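Everything on this sheet refers to the single structure shown next.
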Amino acid sequence: MKSVKSVNGTLVILGGTPAFSQPLHVGRPNLGDRAAMLRRVNEIFDRRWFTNNGPLVKEFESRIQELVGVKHCVAMCNATIALEIAIRALELRGEVIVPAYTFIATAHALQWQKITPVFADMDPATHNIAPETIERLITPRTTGIIGVHVWGRPCDTETIEAIAAKHKLKVMYDAAHAFVCSHRGKMIGNFGACEVFSFHATKFINCFEGGAVVTNDDALATKLRLMRNFGFVDYDKVIYPGTNGKMTEVCAAMGLTSLEAVDDLIAVNRRNYGAYCDNLRGLTGISIIQYNPAERNNFQYIVVEVDPEKSPLSRDELVAVLHMENVLARKYFWPGCHRMEPYRSLQPNASMLLPKTEEIAKRILLLPTGQTINSQIIETICRIIQTAIEKADVVRAALGKNKSPLIAESLR
Ligand code: T4K
């Protein structure tokens with residue numbers, strides 16, 4: 001998409017026209033080779049095998065096993081169900097420690113099964129769970145820890161697993177963001193008892209909707225497969241309580257097509273990330289998170305931190321300005337799981353133990369990336385941010401006077 005005004009044009013908040021005629025989304029889906037996808041869909045129709053562990057699902061699982069170097073991949077209908085099934089297969093119960101700064105699905109996957117998510121604080125340097133905050137949350141009811149590799153940057157698995165071993169707790173990871181990322185040279189997917197990937201439309205590899213649990217534990221993999229399919233081992237034989245977590249063939253077709261483009265998609269994300277870094281460099285109070293160049297990264301998230309001490313505009317003011325220009329920046333994962341229901345009501349004092357989550361969640365905004373974004377678009381987005389910051393006083397005054405619901409929502 002082309003911007004509709006010059007990068008030096010007046011901001012909408014100051015009376016100009018929007019930089020983009022159509023909304024720019026943070027999670028715009030990527031597409032692999034369209035012809036290959038349509039060919040696969042035709043083959044599905046010819047075969048009349050639509051779901052229930054079909055050939056494309058098996059092929060998708062093998063491809064993931066190869067890419068991640070893991071023994072088992074159990075593909076599922078989405079990552080939330082995959083988390084729920086993994087939690088149940090590991091027999092977690094009582095209380096489980098999770099970061100407060102994550103997508104709500106991590107907490108809900110526990111709560112849905114009447115397990116209490118106990119929220120740990122964030123390490124501001126990585127946005128991941130701060131291991132030093134875990135131990136004081138352990139009670140006799142604690143059975144496990146779920147780490148989340150936020151933005152694909154690995155959490156401190158060594159410390160988490162040492163704490164878990166000391167207290168005889170199980171560990172699994174929500175690796176929804178971390179497909180084809182590595183930690184200390186080892187691919188994510190090989191840590192803890194198991195790890196969960198998401199292949200939702202907004203992820204860089206997508207199945208429309210999809211997820212997977214990966215593990216090197218044979219017995220756990222068998223259990224996960226049973227649970228994914230109602231506990232059936234044979235036509236008429238059920239040996240385990242299960243649910244329906246199956247991935248469909250059309251979703252696997254999308255996943256396989258997406259996987260064929262994995263290197264290109266990482267290259268696009270890396271190029272976009274580099275362009276954002278170049279264009280935002282030197283802006284007071286604005287920084288962009290770093291990915292460790294010694295590791296494998298998917299660069300799927302353009303995460304900007306707005307330092308309230310240094311930036312002349314707050315994160316919320318910048319988001320309001322961007323939205324008016326049709327750049328739908330997001331405030332993930334503000335305000336933190338602990339401030340969303342039912343946790344807000346069930347654990348009203350949780351925030352007292354979460355000072356870093358409280359502080360950092362207010363600073364973060366995400367910008368669009370992926371196949372539909374190019375360097376010209378990025379230049380325009382960054383120029384909007386730069387202009388807003390340069391004219392911070394008039395921008396703030398105009399935002400204060402503006403009564404549009406869009407602005408009220410962004411400033412909330
Ligand atoms: N754990 C973690 C750490 C996660 O981040 C997630 C999901 C999960 C677990 C659970 O995984 P899944 O069960 O979803 O497999 C979005 C995604 O829906 C969600 O998958 C993702 N994390 C989360 C970070 O982002 P929302 O509520 O922001 O979705 P929504 O509908 O606002 O879409 C995001 C943006 O993408 C919008 O700007 C619109 C755009 N979009 C979206 C879709 C679906 C498109 O342009 N096209 C599309 O088809 O959660």
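When a residue number appears, it is its place in the shown sequence, counting from 1. No hydrogens, no waters, no symmetry mates; every other heavy atom, side chains included, goes into these values. The model shown is predicted, which means the values in this text are computed figures rather than measured ones. In each ligand, atom 1 is the first atom listed, and ligand 1 is the first ligand listed.
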*When Lys71 is tested against each of Asp218, Asn216, Asp217, Thr215 for side chain to side chain donor-acceptor pair (under 3.5 Å), which residue passes?*
Asp218

*Please could you name the atoms of ligand 1 that Ser198 approaches to less than 4.0 Å, counting only its heavy atoms?*
11 (O), 12 (P), 15 (O)

*Is it true that Arg40 and Glu43 make a salt bridge, defined as a side-chain N closer than 4.0 Å to a carboxylate O?*
no

_So if I count the atoms of ligand 1 from 1 in the order they appear, which ones are less than 4.0 Å from some heavy atom of Ala176?_
1 (N), 2 (C), 3 (C), 4 (C), 9 (C)

*Identify the closest protein heavy atom to atom 38 (O) of ligand 1: which residue and atom is it, and at what distance?*
His25 ND1, 3.0 Å

*Please find out if less than 6.0 Å separates the ring center of Tyr332 from that of Tyr301.*
no

*Close aromatic pair by centroid cut-off 6.0 Å: Phe179 and Phe199*: yes

*For atom 21 (C) of ligand 1, the option (of His200, Met76, Lys203) bearing the nearest heavy atom*: Lys203

_Considering non-hydrogen atoms of the protein only, which is the closest contact for atom 46 (O) of ligand 1, and what is the distance?_
Arg28 NH1, 2.7 Å

_Suppose I only count heavy atoms of Gly210 and a 4.0 Å limit; which atoms of ligand 1 are within that range?_
15 (O)

*Using a strict cut-off of less than 4.0 Å between a Lys/Arg side-chain nitrogen and an Asp/Glu carboxylate oxygen, indicate whether Arg339 and Glu358 qualify as a salt bridge.*
yes

*Below 4.0 angstrom, N of the basic side chain to O of the carboxylate: do Lys356 and Glu359 qualify?*
yes

_Top protein contact for atom 30 (P) of ligand 1, by heavy-atom distance_ = Arg330 NH1, 4.0 Å

*asked:* Can you tell me which portion of Ala105 lies within the under-4.0 Å heavy-atom range of ligand 1? Options are side chain, backbone, both, or neither.
replied: side chain

*Residues in ring pair (Phe, Tyr, Trp, His ring centres under 6.0 Å) with His149, at least two apart?*
Tyr173

*Given side chains that start at C-beta, do those of Pro308 and Lys362 come closer than 4.5 Å, heavy atoms only?*
no

*Please check atom 1 (N) of ligand 1 for a protein heavy-atom neighbour under 4.0 Å.*
yes

*Which of parallel (below 30°), tilted (30 to 60°) and perpendicular (above 60°) describes Tyr343 and Phe119?*
perpendicular

*Does Asp174 come within less than 4.0 Å of ligand 1, judged by its heavy atoms?*
yes

*Are Glu195 and Lys186 close enough for a salt bridge, meaning some N to O gap below 4.0 Å?*
no

*Proximity to ligand 1 by part of Phe199, non-hydrogen separation under 4.0 Å*: neither

*Considering only non-hydrogen protein atoms, determine which one is nearest to atom 16 (C) of ligand 1 and report residue, atom name and distance to 0.1 Å.*
Tyr332 OH, 3.8 Å

*Just jot down the ligand 1 atoms closer than 4.0 angstrom to any heavy atom of Gly27, in number order.*
35 (C), 36 (O), 40 (C), 41 (N), 45 (C)

*Numbering as shown, the atoms of ligand 1 that approach Thr80 to under 4.0 Å (heavy-atom distance)*: 10 (C), 12 (P), 13 (O)

*Among all protein heavy atoms, pick out the one at the shortest distance from atom 11 (O) of ligand 1; state its residue, atom name and that distance to 0.1 Å.*
Ala79 CB, 3.3 Å

*So which protein heavy atom does atom 42 (C) of ligand 1 come closest to, and at what separation?*
Thr202 CG2, 3.7 Å

_side chain to side chain contact (heavy atoms under 4.5 Å, CB included) between Val150 and Val303, intermediate numbers included_ = CA-CA 11 Å; Val150 178; Val303 185; over 6 Å; no

*asked:* Please list the nearest protein heavy atom to atom 8 (C) of ligand 1 with its residue and the distance rounded to 0.1 Å.
replied: Phe103 CD2, 3.6 Å

*Around atom 5 (O) of ligand 1, find the nearest protein heavy atom and jot down its residue, atom name and distance.*
His177 NE2, 2.7 Å

_Checking contacts here: is it the side chain or the backbone of Thr102 that comes within 4.0 Å of ligand 1, counting heavy atoms only? Could be both or neither._
side chain

*Would you mind reporting whether Phe50 and Val250 have side-chain heavy atoms less than 4.5 Å apart?*
no

*Which is closest to atom 47 (N) of ligand 1 in terms of heavy atoms, Ala329, Pro29, Gly211, Ala82?*
Pro29

